[in-house]
Amino acid sequence: MENSVEHPGDILKTLLTIAWLLPLAGFAIEVFGGYWGGRRSKAAAYLAVLCIATGFVCSTAALLVWGNATDWVALEQSEHHDAHGSAHSGPQGPGAHEANGHERHAGTVFSGTFYTLARFGSLVVSLDYYIDSLTLVMFMMVTLVATCIHIFAIGYMSEELTDDYVDHQVHPSRGGHLHRPGRFYLFFSYMSLFCFSMLGLVLAGNIFMVFVFWELVGICSYLLIGFYIERKSACTAANKAFIMNRVGDFGFLIGMMVLWTWFGTFHFGPHEVDGATKPGLFQMARGNDGQLDVDHDAHVVYLRDGEGNRLADAKTGQPRTIPYMLLVVAGLGVFAGCVGKSAQFPLQTWLPDAMEGPTPVSALVHSATMVAAGVYLAGRFYPMFAPDVLLVIAYVGCITLFLAATIAIVATDIKRVLAYSTISQLGYMMLAIGVAGWAAGLFHLITHAIFKSLMFLASGSVIAGCHHEQEMPRMGGLRKKMPITAYTMLVGVIAISGLAIPISLYGFTPAFSGYHSKDAIVATALAFTNLNSAHFLLFWVPLVTAGITAFYMFRLWFYTFAGQPRDAELYKHVHESPWVMTGPLVVLALFAAFIVPTGENSTLFKLLTHSEPAGVAAGVAASGTANIALPGHEAIHAVHSEAGTYALMVALAGAIVAYLLYGARLLDPADIKRQFAGLHHFLVEKWQFDNLYDAAFVRPVRVVAAWCAAIDRIVFDGFLHGICRVGIDVSRWDRKFDENVVDGLVNLVGDVTFSVGRSLRAVQTGRLRQYIMFIALGVMVLFLLLFMFFPR
Amino acid sequence: MLLLSLIIFLPAAGAFFVAWFPPNSDEAQRQFSLAITIGTFVLTLFLFADFNKHDPGIQPVYVVAQAEGNAPATYTRLQSYSINADGKVVADGNVVENASRGAAFEWISNWNIYYRLGYDGISFPLVLLTSFICLLAMLASWSVTKQVKGYLILFLLLETGMLGVFLALDFFLFYVFWEIMLLPMYFLIGIWGGPRKEYAAIKFFLYTLAGGVLMLIAMLMFYFASNSNFNLMELADLAKRGGFDQTMQITAFILLFIGFAIKIPTFPFHTWLPDAHVEAPTPISMILAGVLLKMGGYGILRVAFPLCPYGAQVAAYALVVIGAVSIIYGAFAAMAQTDFKRLVAYSSVSHMGYVLVGIAIWKINEATGAVEGKDYWVMGMNGAMFQMLAHGVSSAGMFFMVGVIYDRVHHRDLNRFGGLAGLMPLYSGLAVGIFFAGLGLPGLCGFIGEVFVVISSYNYSPLLAIIAASGVILTAGYILWTLQRVYLGAEYKGPHPEAITPMNGREITVGSVLLIAAIALGVYPAMAFDIMHGSMDLLATSLDEGYRAALSGLMSASN
Amino acid sequence: MGAIGLKHYLVVGAVMFVCGVVCMATKRNGIGVLMGVELVLNGANINFVAFSQYTALQLDGQVMALFVIVLAAAEAAIALAIALNFYNNHLTIDVDRGDELQG
C-alpha cells in the first residue's frame, strides 16, 4: 500500500476535508444569498442538498480508498470473535506503517495535522484529523441521514417559501397571528452549518478540536431549536439546551485540563513535533496492548511511550505517571460532556424541550447525529476511561434508559415520545460502552440514527399532514390516509423494538437493524453481569426496558395510525405528504430494515469492530478500585443467543400489551391511568426534574446574581460613597476650623490690639505737663524697679 | 524612532488642526479626524515591516558606536539581524556586542529622564488593537452631535495618550502618557455622557487617579533604589539580577498591582466601570472597553511583573484568586442587570478576570524556587494576552451593538426590548455573532483566550482552574438570556417602535469589520501567537531568574 | 566729710534736675516750661563736668557739656519760635491750652 503514487492518507484527508468544508461554504453562500435574494427561492435548499450529498459521495469514496489501502483487513475477521485479540491498534499515522509490519492490521488509522493553532514549547494545540473505520462509518452515516433529511425538509419547510408567513402559535399583543417573512434559506443555512460542525467533530484528531466542534454543534442546535424565534417556548428551550450542554462542557473542560496538565498533549494518535514522533493520549495511557499500567500501591498509572514502554520524564529521567484518581477525574470530566450532549441523566431534561425546533431538526440534530456525538466521543475516548469511569458510564446509561422509557409511556406529544425514546436509546449505547460492549454501542448508534431519523421524519410527515397537530390523542386511523408514512414508520417501530422472527435462516435471524444492535448490547450486559454479579441491575434494567420500549413505540404507532380517527374534523383534512417527503422515508426505511441483514457478521459491524480499541476484545480481569472485570468477545459470544432470546421475548410482550391497550383497544388505558394517578402524574412531570433543577439551580443562581449586583451597589459603591462622604465631611470641618479657629485667632489679636490702643488713648491727653509728669514718674518707677531687682 | 513618534503624535497633531476648523463644519471635522485615525492605523501596520518576529526583545535595535572624546555616541539602526541561542543579536554572522534596544532621546537630563520608545511582542498587538479600535470608534462617532469639535480634539488626544502608554519604555514617560490619557477621558464622559455623567466621570477620575498615585510612589521607589534610573529595560534587567530586595519588591508590587488592577478592573476595584460605561457615549465605551482596560494587563506584564519578580511570585496565588473571583463575580453581577450597557460592562469584568488568571499562574518548585511547568505558564500568559485582544474586539463590538439600538430607541432597559431579529435582521445577525464571540464560542475570538487560560491554569491550582472554568456556564447563561430578551421574541415592547430602522452603511461597516476580526482571530489565532509567543517566553525566563536572584539574596543575608 | 567730692556735685546736679522737672510740670506758662528745660539740661551738664573731673571720662565730659549747651541754645531758639507761633494762634502761651495733639 505504500507504492501508490499518492499516499492514501492524503487522498482520504482530501476527500473527507471536502465533505467537511462543503457545507461550510454552502452555509456562507446560503446565508448571504438568501438575505439578499428572494424569499421564495428554493436555491438555498438545493445548494444545501448538493453540498451534503457530495459529502456523502466523498465519504463513500473515502471508505473505498481506505478499504483498498488496508486491503480490506477489516472484513476478514469473520466468525472468530476470539481470535484477533488486540491486534489492530498499533502505533499509527502516515509514516508508521512499516515500522509495525509485524502487526497484522497495523496502519489502518490515518492521522495528521491541518494547521497549528498555537505552540508553547512542547505543548502544541492544533487542528488534526484522525481517520479510522469509525470515522468513515460516522461520516457515511451523517452524510446519508443528513441528505435524506435535507430533501425531506424541502417539503416540510416549504411553508416558509413566502414573504408573509403566518405563525399561528404566536399571538402579538395587538391581536391576530404573527406575520413575518419566510426564512426558508435561513433554515438550510443553519442545517449546513450544523453538518459542517458535526463532520468536524467526527473528523477531529484531538480532544481540543473535538471540544471546538462540540461547542459549534451546540450553537447550531441552539439556533435550530430556536428557529421560530418569535415563540417564547422555542427560545427558552434553545437557551436551556445550550446552557445544560455548557454544564456538561464544564466537566469536559475539567477533563481536558487534567489531560493537558498530566499528558501534555491533546492528540489521540501519534503526531510529529519537530520531526520526532510523539505518542498520543491513547498510547500514553494504554500502551500498545490496551492495558493500563497501574501501580496499585502508589495508586498511579505509568505513562507509556510509542513503543509501549514506560515514558521517562525528559528532565529528571523518572518515569512519568498520573495519579489513578486523576485519570478517573479526567474520564468523568470528558464523560460529563458526553452526558450533556447525549442528554443522559442528570442532564436529560433539555432534549424533550428541544422538540420546539422544526421536525427535520429533531430528526437530524436531536436524534441521529448531535446527541449521538456524546456516545461517539465516549467510544472514541474509550482508551482513556479507567474501569471505575466505565462503571459510572454504565450506571448513568442504565438509569437514563429506564427513566426516559418510563416517561415515554405517558407522553402524548408524538415528538416528545420520540425524544424520550431517543434519550432511552442513547442510554443503551452508553450502557454498552460502559460494560465494554464498544462495538455494540457504536453499532446501535448507527442503526438508531437511521431508524430514529426515519421515525422523526415520519412524525414530521404526520405533523405536516395534520396541519401542525402533534397531540396523539387527536389522531388515530391515519394509516388509511397516509399509508407510506404509516408503514415506513412501522418499519422504524419494529426496528427500535427489536422484533425478529425467531427462526434461523442459514445461521442468521431475519430481523431489522435494531434487533441486532440491541441484541448485541443486551448480550454484552449479560456477559458483564455474569462476571460481576453485584451489578446485576445493569442487565435486568435494560432487559425490562426493552419491553417498555416495544410498548411505548407500538403505543405510538397504534395511537396514531391504527383504529378509528379520534378527531373527525382533523381527520378530514389529513393528506399524505408529497414525494419529496415520502421519498426519504422510503430510503431510510430500506436502510433501517436491511442495513445489517446478517447482524454481527455484516460489513458495518465488522468495520466498527475493526476500530475497537486494543484490549477490548480480550476482556479485562478484575481491575480498578471498584474491582470490575470486563467481558471479552468470547464471553459475550457465549451468551449471545441466550440474551437474544430474552430480549425478543420481552419485546414481544411489550408489543402485545401495546396492541391490547391501543391497537385492539381491549383494555381502557384511562382506567389504568386512574388506578395509578400518582405515578402517572409523577411521570408526566418527568420525575420532577425540571422543577427540581429550577429550585436547586436556576433560582439560586438568580438570587446569587442579585446579591452580587446588590453587593456592588451597596458594599463597594457604598464603601466608595462612604469614603467620598467622609472626604466631604472632613473638608466641611476643615472649613469650619479655618473660619472659626484660625481666623478667630487672627481677629482676636487684631481686636485686642485695637481695644488696647483705644483704652490707651485716654492717656494721650495732649497736655504737656501731664506728659512730663508721666516721664518723671516713669523714670522714678524705672529706677525703683532697678533698685528693687538689681540691688547693689 | 520617527515612525513610532509619528504614530503617537499624529492624532495629537490632528487634534491641533481640528481646532482651526471653522464653526459649523462638523462633517468636515469628522471626516478629517477619521482620516487621521485611518492614517494612524496604516502607520501601525507599517510596524509589521520593521518587526522582527524572531527577536523576542524590545525593538528597534541599534548599534552603538562610541565616538572619540566627549562627542556623543552614534546610533545606527540594525535592519536585518537574528538572535542566537544566548539571546544575543547576530548580524552578518557576528555577535553584535554593543547593541542597544529601543530608541531614546534625552528629555530631562538632570533627572535622567529619556524620551524612550520601543515595542515587542507584548506591546505590538496592543498598539495594533488601539489604532484599530480607535478607527472603528471614530466611525461610530457620527452619533455624537454636541460640540463636535471639542469631542474630536479630546478623542484624538486620548488616542495619543493610549498609543504613548503602549510604546513608552521610560517609566516617567509611561507615567506621563498614563496621566495624559486620563483627562480627555474625564471630559469625554463628563460632557458627552448620559444623565449621571458627572458622577460617572468623577468616579472614573478618582479611581484612576488613585491608581496613578500609587504607581507614582512605586516609580520613585525604583528611581531611588536604582541609582536614578527610569529606564524600564534596565530596571527589569536589574530586577532580574536581584537588584531590588524582597521587602521593596513586595511593597512596590502591591502599589503597582493596585494601580493596574483598578484599570483592568478586577474585583473589588471594578465599580467605576459599570458607571463609566453606562454614562459614556458609545464610541467612548468602545475605547474604554476595547483599549483602556488592556492597559491594566499591559502594565502588569510590562512593569509590575518584570520589576518585582519576587513580589509577583509571592502574590501570585492572591492574583489568581482575584482573577477567578472576578470571573465568577462579574458573571453573576451581569446576570442581575437590567441595563443593557451595565450588563456588557460587567461581562468585561468577568472576561478580564481571565487575563489576570493567565498572567499569574506562575508555579514554582518550593525547594529551589525554579519555575515548574514553564510551558503552561507561557501558555497562560499568551492566553491572557490573546484574551485582551479578543476582549478588545468583542466588547467593543458589544458596546457598539448596544449603541446602535440606543441611538434609535433611546433606552437600554433589557426588559423592554424583544423581537429585534424580525425588525432589524442584519443588525441582529451581526450582534448575535459578536455576542457569541463574547460567550466564547469556538471559531470566534473569545474562545481561544478563555480556554487557553483555563486549561493552563490547572497546572497551577486545580481548584482555582475549576472555579475559573465554571465561568463558561454563567457566561452562557447571561449572554443567551440577554439575546433572548433583546433580539428574540414576537414583538418589540419598548418605546419608539417607529424609530427602529435598519442599520446605515457606516454602522454595517463597523459591525461587520468587528465580526470579521473576531472570526479571523478565532479561526487562526496563530497569527497573534506568532507575534507574542517569543516575548512571553523571554519574560517568563527572566522572571524566573529574577525570582531566584531575589531569593538567593535572602539566603546570603540570613547566613 | 572733708573736701568737696563728686557726690556734692551730683547732689547739686540732681537738685537742679529735680527743680527743672518740677518747674516743667508745674508751670503753665510756656516760657516757664522752657526755663525748666534749661534747668534740667544744666543739671545734667553739672554731672558731665563733675564726672570729667573725678572719673576716667576726662575731657569727654567737658565736650559733652559743650554739646549740651549748644543743643540747649538751639532748642531754646526753636522752642521760642514754637511759643511765638503758638501765641499767634492762641493768643496765649498757656501750655494746657495746647492739647490738640491728644489721642
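Below, chains carry the letters A, B, ... as their sequence lines are ordered, and counting in each starts from 1. In what follows, every heavy atom counts, from backbone to side chain, and hydrogens, waters and symmetry copies are set aside.
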Under 3.5 Å, side chain of B/Asp375 to main-chain N/O of A/Ser122, donor-acceptor pair present? yes

Heavy atoms from other residues, nucleotides or ligands near OH of A/Tyr35 exceed 12 (cutoff 6.0 Å): yes

Where does A/Tyr115 contact chain B at under 4.5 Å (heavy atoms): side chain, backbone, both or neither? side chain

Beyond-backbone contact of A/His721 with B/Tyr199, side-chain heavy atoms, under 4.5 angstrom: yes

Which pair of non-hydrogen atoms, one from A/Glu215 and one from B/Leu441, has the smallest distance, and what is that distance? O-CD1, 3.9 Å

Chain A contact via B/Leu439 - side chain, backbone, both or neither, heavy atoms under 4.5 Å: both

Of all heavy-atom pairs linking B/Pro442 and A/Leu216, the shortest is O-CD2, 3.3 Å

Is there any residue in residues 462-473 of chain B with a non-hydrogen atom under 4.5 Å from a non-hydrogen atom of chain A, and which ones are they? B/Ala465, B/Ile466, B/Ala469, B/Ser470, B/Val472, B/Ile473

How long is the gap from CG on B/Leu480 to OG1 on A/Thr236, to the nearest 0.5 Å? 11.5 Å

Any heavy-atom pair between the side chains of B/Trp481 and A/Ile243 that's under 4.5 Å? no

Chain B contact via A/Ile723 - which portion, at a heavy-atom distance below 4.5 Å: neither

Drop me the distance from A/Asn239's CG to B/Gln484's CD, to the nearest 0.5 angstrom. 4.5 Å

Bottom line for A/Val258: the part with an atom under 4.5 Å from chain B's heavy atoms is both

Using non-hydrogen atoms only, which part of B/Phe267 is less than 4.5 Å away from chain A: side chain, backbone, both, or neither? side chain

Does any backbone or side-chain atom of B/Lys203 lie under 4.5 Å from a heavy atom of chain A? Answer side chain, backbone, both or neither. side chain

Identify which part of A/Arg702 has an atom lying under 4.5 Å from any heavy atom of chain B, answering side chain, backbone, both or neither. side chain

Side chain from CB out, backbone as N, CA, C, O: work out which of these in A/Phe266 comes under 4.5 Å of a heavy atom of chain B, or both, or neither. side chain

If we only count heavy atoms from C-beta on, is the A/Asp712 to B/His270 side-chain gap below 4.5 Å? yes

Contact origin within A/Phe719 toward chain B - heavy atom pairs under 4.5 Å: neither

Which heavy atom of A/Cys708 sits nearest to which heavy atom of B/Ala333, and what is that distance? CB-N, 3.8 Å

Nearest 0.5 Å please: distance from the CD1 atom of A/Ile229 over to the CG atom of B/Leu483. 11.0 Å

In terms of relative ring orientation, are A/Phe208 and B/Phe447 parallel, tilted or perpendicular, with 30° and 60° separating the classes? tilted

Rounded to the nearest 0.5 Å, what separation is found between the CE atom of A/Met257 and the OG atom of B/Ser456? 9.0 Å

Residue pair A/Asp717 / B/Thr271, side-chain donor-acceptor N/O under 3.5 Å: yes

Minimum heavy-atom separation for A/Ala705 to B/Met335, with atom names? CB-CB, 3.8 Å

Between A/Val125 and B/Phe452, is there a side-chain heavy-atom distance shorter than 4.5 Å? yes

Return the OH to CD1 distance between B/Tyr329 and A/Ile711, rounded to the nearest 0.5 Å. 4.5 Å

Could you give the distance from CZ (B/Phe436) to OH (A/Tyr222), rounded to the nearest 0.5 Å? 5.0 Å

Residue-level contacts of residues 417-426 of chain B with chain A, using a heavy-atom cutoff under 4.5 Å: B/Ala421, B/Pro425, B/Leu426

Just give me the residue among B/Val378, B/Asn382, B/Asp275 that pairs up with chain A most often, heavy atom to heavy atom, under 4.5 Å. B/Asn382

Heavy atoms, side chains only, cut-off 4.5 Å: are B/Phe332 and A/Val701 in contact? yes

Please answer whether the main-chain N or O of A/Trp260 pairs with a side-chain N or O of B/Tyr376 as donor and acceptor at a distance below 3.5 Å. yes

With chain B as the partner, which of A/Asp167, A/Thr116, A/Leu720, A/Val170 has the greatest number of non-hydrogen pairs under 4.5 Å? A/Leu720

Are the side chain of B/Tyr524 and the backbone of A/Leu117 linked by a donor-acceptor contact shorter than 3.5 Å? no

Aromatic ring proximity, centroids under 6.0 angstrom, A/Phe120 and B/Phe529: yes

Segment of A/Leu127 engaging chain B (4.5 angstrom heavy-atom cut-off): neither

Where do A/Leu178 and B/Ala490 come nearest, in terms of heavy atoms and distance? CD1-O, 3.7 Å

Among B/Val523, B/Ile328, B/Val432, the residue with the most heavy-atom pairs under 4.5 Å to chain A is B/Val523

Name the region of A/Val247, side chain, backbone, both or neither, that has any atom closer than 4.5 Å to a heavy atom of chain B. both

Structural part of A/Arg183 lying under 4.5 Å from a heavy atom of chain B: neither

Tell me if the aromatic rings of A/Phe716 and B/Phe269 count as close, with their centers under 6.0 Å from one another. no

